[in-house]
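Structure first, commentary second.
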Amino acid sequence: MIDVINLRKSFGDKEILKGINVTINKGDIVAVLGPSGSGKSTFLRCLNCMEDPTGGSIIFNGVDIADMKVDINVHRRHMGMVFQHFNLFNNKTVLQNVMMAPEYLQCRDLKKAKRANRRIQFKNVFRGKDKKEALVPITTTKEQIKKEVRENALKLLTRIGLEDKADVYPSTLSGGQKQRVAIIRSLAMNPDVILFDEPTSALDPEMVGEVLELMKELAQEGMTMVVVTHEMGFAREVASRVLFMDDGQIKEEAGPQEFFEHPKDARLKEFLSKIL
Ligand code: ADP
Ligand code: MG
């Protein structure tokens with residue numbers, strides 16, 4: 001699904017990513033470990049082009065999204081992102097947070113289709129009877145989109161047991177609740193892959209479990225996930241592969257058992273001895 005080829009990223013003359021190569025297949029749960037400052041967040045942000053890579057390719061569903069000529073917005077909507085600090089909109093209700101992106105994008109698609117049809121209709125006036133261009137089929141309305149997006153958002157909120165929080169503002173939620181809302185907000189876009197950047201690092205310890213539990217469920221349902229985390233238990237039990245990033249490079253990549261029981265890279269051995 002995603003092929004990262006020789007990905008490089010510099011800020012000024014400081015090279016942060018020094019040639020990353022990794023393949024992420026459908027259904028993979030890739031855990032990314034590594035010391036602070038090793039480039040993990042930069043890597044994730046490059047994956048969905050929140051940062052423009054300085055070099056290399058990111059082939060996502062067959063298209064090189066690192067190529068400046070590609071309209072990244074078309075592809076980015078298929079990649080969800082969950083951040084350490086939730087990044088919910090505090091001036092929107094919980095339900096609005098979950099509805100916002102899919103409603104906006106689907107309404108924009110509808111607007112585009114209508115505009116295309118007006119253009120086609122106009123051109124058709126000047127075309128012969130048997131040369132008329134077919135209109136783009138439009139099977140929905142703005143109201144219909146809103147209704148469906150709302151129903152889906154409520155279903156997702158029910159899934160995480162927060163349907164009664166639909167109309168409150170995020171500031172009234174606990175950290176664990178906020179992060180679970182952020183996760184279903186990205187699910188509402190029906191993404192092909194979700195990127196998680198330390199999703200439990202900002203949580204009080206007693207709230208880590210509920211977030212990991214939801215992530216585990218998604219993993220079992222076959223969602224493709226890339227998870228930067230310090231949760232070794234999660235990496236060990238849920239990940240299909242574990243990467244060790246150090247100094248802007250992937251120093252080790254293995255299945256969880258191999259990774260934790262027979263680490264090869266010296267820096268990884270040191271890293272594991274400090275945290276396990
Ligand atoms: P990690 O997530 O592994 O802790 P980051 O990807 O956040 O690491 O950062 C790696 C390095 O890149 C750090 O030295 C950081 O200071 C630098 N860096 C990250 N973002 C920027 C930026 N926008 N401008 C300049 N330097 C940055
Ligand atoms: Mg980081």
Side-chain angles (χ1 to χ4, degrees), residues 2 4-22 24 28-58 60 65-66 68 72 76 79-88 175-176 178-179 182-183 185-186 191 193-205 207-208 211-212 215 224-236 238-239 241-254 256 259-260 263 265-276:
I2 310 178
V4 180
I5 303 162
N6 200 19
L7 175 67
R8 291 175 180 278
K9 175 68 187 177
S10 301
F11 291 110
D13 53 11
K14 197 165 162 223
E15 190 166 50
I16 305 299
L17 300 181
K18 303 176 177 174
I20 303 272
N21 291 287
V22 61
I24 297 155
D28 269 354
I29 313 296
V30 179
V32 182
L33 312 185
S36 174
S38 58
K40 304 180 299 296
S41 295
T42 305
F43 170 55
L44 278 198
R45 294 165 63 85
C46 282
L47 270 186
N48 74 349
C49 294
M50 279 167 73
E51 298 281 2
D52 289 323
T54 324
S57 302
I58 300 164
F60 177 54
I65 58 173
M68 292 295 200
I72 180 60
R76 190 150 43 197
M79 287 189 182
M81 180 114 185
V82 173
F83 304 89
Q84 186 175 354
H85 294 288
F86 328 123
N87 294 18
L88 296 174
K178 281 184 201 172
Q179 194 60 302
I183 291 172
R185 178 178 62 173
S186 78
V193 52
I194 305 183
L195 314 175
F196 295 82
D197 194 357
E198 299 196 27
T200 59
S201 295
L203 297 176
D204 292 333
M207 290 168 187
V208 169
V211 171
L212 291 180
M215 291 169 63
T224 309
M225 297 162 52
V226 182
V227 187
V228 173
T229 185
H230 297 298
E231 294 293 334
M232 296 304 136
F234 181 85
R236 218 185 253 268
V238 184
R241 269 185 303 142
V242 188
L243 309 184
F244 176 62
M245 257 186 94
D246 185 37
D247 191 27
Q249 291 170 310
I250 293 176
K251 293 285 176 67
E252 189 137 336
E253 171 173 358
F259 186 94
F260 289 105
D265 180 76
R267 289 278 292 156
L268 172 57
K269 285 183 190 165
E270 187 193 333
F271 179 77
L272 290 176
S273 73
K274 276 189 202 140
I275 50 169
L276 289 180

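Worth knowing before you read on, the calculation uses all heavy atoms, side chains too, and leaves out hydrogens, waters and symmetry mates. Atoms within each ligand, like the ligands themselves, are counted from 1 in listed order. All residue numbers refer to positions in the sequence shown, counting from 1.
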Considering heavy atoms of the protein only, find what lies nearest to [atom] and give residue, atom and distance to 0.1 Å.
{"atom": "atom 7 (O) of ligand 1", "result": "S41 CB, 3.6 Å"}
{"atom": "atom 23 (N) of ligand 1", "result": "F11 CE2, 3.4 Å"}
{"atom": "atom 8 (O) of ligand 1", "result": "G39 N, 3.2 Å"}
{"atom": "atom 4 (O) of ligand 1", "result": "G37 N, 2.7 Å"}

Tell me whether ligand 1 is touched by [X] - counting only heavy atoms on the residue side and a distance under 4.0 Å.
{"X": "E198", "value": "no"}
{"X": "G12", "value": "no"}
{"X": "G34", "value": "no"}

Backbone or side-chain N/O/S of T42 under 2.8 Å of the Mg ion (ligand 2):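 So T42 does not bind the Mg ion (ligand 2) by this criterion.
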CD1-CG distance between I194 and N48, expressed to the nearest 0.5 angstrom: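 If we round to the nearest 0.5 Å, I194:CD1 and N48:CG are 12.5 Å apart.
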From CD1 (I183) to CE (M225), nearest 0.5 Å: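 Here the interatomic distance stands at 7.5 Å.
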Within-cutoff protein neighbour (heavy atom, under 4.0 Å) for atom 10 (C) of ligand 1: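 Yes, there is one.
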K274 to F271 six-membered ring, cation-pi geometry met (6.0 Å, 45°):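 No, K274 does not sit over the ring of F271.
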Side-chain (E252) to main-chain (F259) donor-acceptor, under 3.5 angstrom: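 Pair absent, no side-chain N/O of E252 close to backbone of F259.
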Donor-acceptor under 3.5 Å (R76 side chain, C49 main chain):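 Flag set: sc R76 to bb C49 pair under 3.5 Å.
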Residue portion contacting ligand 1 (non-hydrogen atoms closer than 4.0 Å) for K14: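 Near ligand 1, K14 shows its side chain, while the N, CA, C and O stay back.
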Test: R267 and E270 ion pair at under 4.0 Å: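 E270 and R267: salt-bridged.
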Distance-only polar pair, side chains of T224 and D28, donor-acceptor under 3.5 Å: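 T224 vs D28: no donor-acceptor pair found between side chains.
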Atom indices of ligand 1 within 4.0 angstrom of T42 heavy atoms, with elements: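 Those qualifying, in numeric order: 5 (P), 6 (O), 9 (O), 19 (C).
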Contact atoms of ligand 1, heavy-atom distance to P35 under 4.0 Å: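 Those of ligand 1 that fall under 4.0 Å from P35 are 3 (O).
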Residue pair D246 / P35, side-chain heavy-atom distance below 4.5 Å: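 In contact.
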Polar contact flag for I16 and ligand 1 (N/O pairs, less than 3.5 Å):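 In this structure, I16 places no N or O atom under 3.5 Å from an N or O of ligand 1.
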Ligand 1 N/O within reach of F43 N/O, cut-off under 3.5 Å: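 So ligand 1 has no N or O lying under 3.5 Å from an N or O of F43.
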D197/K40 under salt bridge (charged side-chain N to carboxylate O under 4.0 Å, His left out): CA gap, chis, key distance, verdict: CA-CA 8 Å; D197 194 357; K40 304 180 299 296; over 6 Å; no
